[in-house]
Amino acid sequence: SLTMDANTSMVWLIKVVSVFSASFAIAIAAFGGAQGQGKAAAAAADAIARQPEAGDRIFTTLILSLALIESLVIYALAVALVLIFANPLI
């Protein structure tokens, strides 16, 4: 009752490692995405300050860049959710 066979303990180990891996992946992706978005916003603000007449083009490029950066974080979230809820290893 309290003892586990080798197969049960291996499944448990894979689940635990998958949860930690998913958590680590989301943490790294969120940190990297936040760094990238911060640098992009700072560069856009600097560019608009230097050339106010190009503000509309810079703003459009900034929004597109932020969406692409955020999509990478969403991909990491999707991989993490697959690891947690639909793990192909077990």
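Both backbone and side-chain heavy atoms feed into the values below; hydrogens, waters and symmetry mates do not.
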Run the side-chain donor-acceptor check on residues 66-84: report pairs under 3.5 Å with partners two or more places apart or on a different chain.
{"from": "E70", "atom 1": "OE1", "to": "Q37", "atom 2": "NE2", "distance (Å)": "2.8"}
{"from": "S71", "atom 1": "OG", "to": "L68", "atom 2": "O", "distance (Å)": "2.6"}

List the atom pairs, with distances to 0.1 Å, where a side-chain N or O of residues 57-64 and a protein N or O form a donor-acceptor pair under 3.5 Å, not counting sequence neighbours.
{"from": "T60", "atom 1": "OG1", "to": "D56", "atom 2": "O", "distance (Å)": "2.9"}
{"from": "T61", "atom 1": "OG1", "to": "R57", "atom 2": "O", "distance (Å)": "2.9"}

Under 3.5 Å donor-acceptor pairs involving side-chain atoms of residues 11-27, not counting sequence neighbours:
{"from": "S18", "atom 1": "OG", "to": "I14", "atom 2": "O", "distance (Å)": "2.7"}
{"from": "S18", "atom 1": "OG", "to": "N87", "atom 2": "ND2", "distance (Å)": "2.6"}
{"from": "S21", "atom 1": "OG", "to": "V17", "atom 2": "O", "distance (Å)": "2.8"}
{"from": "S23", "atom 1": "OG", "to": "V19", "atom 2": "O", "distance (Å)": "2.9"}

For residues 28-35, please give each side-chain donor-acceptor pair under 3.5 Å, one per line with the distance, not counting sequence neighbours.
none

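Residue pairs meeting the salt bridge (charged side-chain N to carboxylate O under 4.0 Å, His left out) criterion with at least one member in residues 38-54, sequence neighbours excluded, are D46-R50.
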